[in-house]
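Below is one structure; the comments refer to it alone.
Start at 1 and go down the list; that is how both ligands and their atoms are numbered. Throughout, residue positions are numbered sequentially from 1 according to the sequence presented.
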Amino acid sequence: MSRLLNKVALITGAASNPGLGRAIAIRFAQEGAKLVITDIDEAGLAACEKELVALGAEVLTMKQNVVDEQRWQEVVDASVERFGSLDVLVNNAGIAVMRPISQFTQADYDLQMDVNMRSVFLGCQKALPAMIKSGGGSIVNMSSVAGLRGIPGVSVYGVAKAGVQILCKGIALEHAADGIRCNSIHPGLIDTNIQNDSRRDNPEEFKKLGATVPWGRMGYPEEVANCALFLASDEASYVTGTELVVDGGLICK
Ligand SMILES: NC(=O)c1ccc[n+]([C@@H]2O[C@H](COP(=O)([O-])OP(=O)(O)OC[C@H]3O[C@@H](n4cnc5c(N)ncnc54)[C@H](O)[C@@H]3O)[C@@H](O)[C@H]2O)c1
């Protein structure tokens with residue numbers, strides 16, 4: 001109940017239900033964190049805020065497009081103004097533009113890279129000064145197993161997620177002396193709204209997806225949230241610049 005007591009945590013992409021950001025926000029609230037939740041989806045954000053408040057959490061809710069640099073500064077400043085510090089950043093917001101490289105347009109490429117990679121760079125860059133002032137902290141960046149392996153139809157998404165992984169390592173080195181840890185989480189197949197396109201387009205194939213995982217099923221958002229909780233908390237005090245794969249054994253082979 002107190003693994004994040006008195007910590008201020010900013011989580012992007014918290015609106016989706018089921019979604020990883022919401023699950024992380026709920027898990028953090030259960031452990032005493034003060035929360036800043038953001039997303040482009042205002043209705044989803046409001047619903048998430050309601051759930052967090054019901055858990056007794058103090059919450060600041062802000063609409064944010066994570067590709068907007070100016071908005072990042074406003075979100076970080078508002079977080080510090082409201083709660084006095086910024087201890088944890090979870091760069092979770094993301095999209096999946098999935099199609100073969102031959103069908104990828106320049107616009108697809110720019111969108112995928114902006115939302116999944118540039119946003120993480122912006123978030124880290126804007127949050128770091130506030131975290132340094134707070135005496136240190138933990139950054140958790142959402143990558144993917146697609147950043148660790150080549151997967152047909154997922155190349156550019158994978159490039160963005162591989163970039164997130166390496167960005168973490170650079171930040172871990174540059175800011176170790178500031179007491180800031182930075183790690184990436186690499187989920188496999190987790191049953192959230194990001195799967196809706198494949199659920200709709202290939203319903204029969206989608207039903208079989210779980211069976212392709214050694215663990216025999218897709219993951220639950222809460223299973224990723226527990227990993228984010230560990231990395232955010234002081235229990236991970238010697239864990240930095242590394243990747244935590246949460247995939248039911250999907251990429252063991
Ligand atoms: N679910 C999986 O299987 C899986 C696997 C690997 C990695 N991931 C990563 O986990 C993260 C969360 O994914 P999810 O499964 O919860 O997806 P989701 O689609 O359920 O939720 C993503 C959230 O991000 C928000 N978002 C999208 N673009 C945004 C923008 N420009 N600015 C602000 N918010 C924006 C959406 O509104 C949504 O609330 C993503 O980075 C995704 O790439 C998911």
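Residues passing the side-chain hydrogen bond (donor to acceptor under 3.5 Å, both in side chains) test with Ser198: none are found, sequence neighbours excluded.
Using a cutoff of 4.0 Å between basic side-chain nitrogens and carboxylate oxygens, Asp191 and Arg199 are scored as salt-bridged.
The salt bridge (Lys or Arg N to Asp or Glu O under 4.0 Å) contacts involving residues 55-67 comprise Glu42-Lys63, where partners must be two or more places apart or lie in separate chains. Within the structure, side chain to side chain donor-acceptor pair (under 3.5 Å) contacts touching residues 242-252 (residues at least two apart or in different chains) are Gln165-Glu243, Lys169-Glu243.
Protein residues lining ligand 1, listed by chain and number: Gly13, Ala15, Ser16, Pro18, Gly19, Leu20, Asp39, Ile40, Gln64, Asn65, Val66, Asn92, Ala93, Gly94, Ile95, Val115, Met142, Ser143, Ser144, Tyr157, Lys161, Pro187, Gly188, Leu189, Ile190, Thr192, Asn193, Ile194, Gln195 [non-hydrogen atoms, distance under 4.0 Å].
Side-chain contact of Glu69 with Gln73: a donor-acceptor pair under 3.5 Å is absent, judged by distance alone.
With hydrogens and angles disregarded, a donor-acceptor distance shorter than 3.5 Å links the side chain of Asp108 to the backbone of Thr105.
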